[in-house]
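Accompanying notes for the structure given below.
Residue numbers begin at 1 in each chain, while the letters A, B, ... track the order of the sequences.
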2 protein chains.
Amino acid sequence: MAQPEPKTKSERIARVLEAEIRSGFLHDGAALSSETALVARFAVSRATVRKGLGVLAAKGLIRTKVGIGSFVTYGGAVIDNGPGWSLALSEGETRMGVRILSITRQPMDLDAPQVAAAEVLAVDRLRFRENTGRALTLERSRVPWREDFAALLRTGLEQGSLSRELELRGLSPASGEEWANVLPALSVADAALMGRSAGEPMLRLRRLTRTASGRVVEYVESLLDPELFGLHMEF
Amino acid sequence: MAQPEPKTKSERIARVLEAEIRSGFLHDGAALSSETALVARFAVSRATVRKGLGVLAAKGLIRTKVGIGSFVTYGGAVIDNGPGWSLALSEGETRMGVRILSITRQPMDLDAPQVAAAEVLAVDRLRFRENTGRALTLERSRVPWREDFAALLRTGLEQGSLSRELELRGLSPASGEEWANVLPALSVADAALMGRSAGEPMLRLRRLTRTASGRVVEYVESLLDPELFGLHMEF
DNA sequence: GTGACAGACCTGTCTAGTCCTGTCTAGCCT
DNA sequence: AGGCTAGACAGGACTAGACAGGTCTGTCAC
């Protein structure tokens, strides 16, 4: 229905950081990276980073203090969807549990031609409402394999967040793409994983993130309960 | 349909660039060369290049931004104008016809609390592939009623575009919101309108646009064939 | 232990320069 | 008159660098 607005660099930076804040990846009170660190991450000049931060400050999402840094001042976390669309819960308060199905080193299995790597770190997770057995989301993350992922296969993820592990290794997304469409019918295999009925329509989200240098950070494919999840965007 | 021979240099430039865009050589979101680079490429003056770019901009194929450049805003099938999500056709070239179901003055019927107006201009359209009877989209636009819409009820829309009529009356969207979700089952009434089966899952898009002063310009609710349409976003 | 200090790191601000589009003027040619 | 050329100037986006001043922390002297 629309065309992507050509974005300036500063707008893009504001957008990526805003999504990280709204998704809860950067929680309320958290310190953003320093301006010079963001310069490196987004591969732009400091003036441009500051312009992007200015947008967030104007929206009241962050506050910056001289000599210290910038801090998140927004507490409305949603779920970990990374940058891009804001994933909105259709209902009100919904407590969701997370279950990690598997963390493995394996060949690339999903259909994402942009991911050239033969081997990936694969993390599959379920989210479910605690009172029922039905899973609300099924998320499959694929990250091009690096040797320093080896420990994760034994120890698991810190706080269950793959993004955080990637961040620790300098794999911060600076740009990306996102696709959304309707999966008309849940497959038998996925239905079994999610404790749902095969044939149900689902909302399917695919996201590819890249570093400033263009290297693929992560590819995520999510199946979401259409009753509960929708996409929302302001422009 | 045979194209007439381009008469002027600026027409030739527009023709060449348009072909590159429609062929996919310049994909959606891609940056065109700068005007001075195009001056060198086509060996004409900058004014001529700008005239050619002006033709493309008027067609909605590109958008130019001061200090940055010109960008392709044509994703293969532009359904409607305006910023926000980019609606992507899953398949390749698909020629679609438009049929306007009705243009009426009526009470607000859709569930959009942001639209305070009691009376609206309501435009319902179908889009369909020409060889089949199945509609691919059903779009319902609602615009707060103004007296200068009266003529539209008799004369119809210029080029079938409501956006153009709104633009002519100074109602240019400056900001807005967009929601997307899965409609699990097409209603019997809508199925009949679209020539589809009731119960099919559909992609539902809702968009609310506002002027710079915050007045609601338009509310649109679209049902889209999930096989054919998806959402795409870069960040 | 404590207090002072140096240095590291942070934001705030400024300047000079590049590259881009927007716009205007003057003139040439058919 | 309309299409085109050539040039000039303004202003926006961005880069790169420099400098000042706030804040924190490790270290050293006492």
Side-chain angles (χ1 to χ4, degrees), chain A residues 3-18 21 26 29-73 167 170 172 174-175 211-214, chain B residues 4-18 21 26 29-73 83 172 174 212 234-235:
Chain A
Q3 302 144 357
E5 187 78 2
K7 285 269 170 293
T8 64
K9 294 185 181 182
S10 58
E11 284 171 353
R12 207 192 82 226
I13 290 169
R15 190 129 152 201
V16 169
L17 292 177
E18 177 171 350
I21 292 170
L26 289 170
L32 269 70
S33 310
S34 75
E35 292 176 1
T36 50
L38 293 175
V39 162
R41 169 173 170 189
F42 290 105
V44 296
S45 72
R46 194 170 149 235
T48 305
V49 164
R50 283 181 58 77
K51 205 166 179 179
L53 293 179
V55 171
L56 298 182
K59 287 190 181 184
L61 290 169
I62 64 170
R63 195 169 53 227
T64 78
K65 286 189 210 171
V66 184
I68 310 185
S70 297
F71 298 85
V72 177
T73 54
E167 184 97 7
S172 302
S175 67
T211 62
S213 62
Chain B
E5 199 64 17
K7 295 203 168 351
T8 67
K9 294 186 183 180
S10 59
E11 281 173 13
R12 201 192 98 234
I13 291 168
R15 184 72 52 89
V16 169
L17 292 177
E18 179 170 349
I21 292 170
L26 288 172
L32 270 69
S33 311
S34 76
E35 292 177 1
T36 50
L38 292 174
V39 163
R41 168 174 168 190
F42 290 106
V44 295
S45 74
R46 197 171 145 232
T48 306
V49 164
R50 283 180 60 75
K51 206 163 183 182
L53 293 179
V55 172
L56 298 182
K59 287 188 181 183
L61 291 169
I62 64 170
R63 193 168 309 179
T64 77
K65 255 194 157 175
V66 184
I68 310 183
S70 296
F71 297 85
V72 177
T73 55
S172 306
E234 285 180 52
F235 56 87

- Task: Could you say whether B:Val66 or A:Ala47 is positioned toward the 5' end of DNA chain D, judged by the nucleotide with the nearest heavy atom to each?
- Result: B:Val66
- Task: Check each residue of residues 37-46 of chain A for a non-hydrogen atom within less than 4.0 Å of any atom in DNA chain D, then write out the ones that pass by number, or none.
- Result: A:Val44, A:Ser45, A:Arg46
- Message: Taking the minimum atom-to-atom distance to the side chain of A:Ser10, which one of D:dC14, C:dT11, D:dG3 wins?
- Response: D:dC14
- Message: Tell me the closest heavy-atom pair linking A:Phe71 and A:Leu32, and the distance in Å.
- Response: C-CD1, 4.4 Å
- Rounded to whole Å, CD of B:Glu35 lies from C1' of C:dG22 at a distance of 8 Å
Report all side-chain donor-acceptor pairs from residues 52-69 of chain A shorter than 3.5 Å, counting only partners two or more places apart or in another chain.
unit_1, atom_1, unit_2, atom_2, d
A:Lys59, NZ, A:Glu18, OE1, 2.7

- Item | Separation between CZ of A:Arg50 and OG of A:Ser10, rounded to the nearest 0.5 Å | 13.0 Å
- Message: Output the rounded distance in Å from NZ (A:Lys9) to P (C:dC19).
- Response: 13 Å
- Query: Between B:Val16 and B:Arg41, which heavy-atom pair has the shortest distance, and what is it?
  - Reply: CG1-NH2, 3.6 Å
- Per atom distances to the A:Ile68 side chain, the nearest of D:dC24, C:dT21, C:dC10 is D:dC24
- Task: Starting at atom CZ of B:Phe71, determine the distance to atom C1' of D:dA13, rounded to an integer number of angstrom.
- Result: 11 Å
- Message: With a 4.5 Å cut-off on side-chain heavy atoms, are A:Val44 and A:Arg12 touching?
- Response: no
- Residues of residues 48-58 of chain B with any non-hydrogen atom less than 4.0 angstrom from an atom of DNA chain D: list those, numerically ordered, please. B:Thr48, B:Lys51
- Interatomic distance, CG@A:Leu38 vs OG@A:Ser70, rounded to 0.5 Å, equals 8.0 Å
- Smallest separation among heavy atoms of A:Arg46 and A:Thr36, with atom names: CD-CG2, 4.4 Å
- Task: Please round to the nearest 0.5 Å and tell me the distance separating atom OG1 of A:Thr8 and atom CZ of A:Arg15.
- Result: 10.5 Å
- Query: Which nucleotide in the list D:dG22, C:dG22, D:dA13 gets nearest to the side chain of B:Thr64?
  - Reply: C:dG22
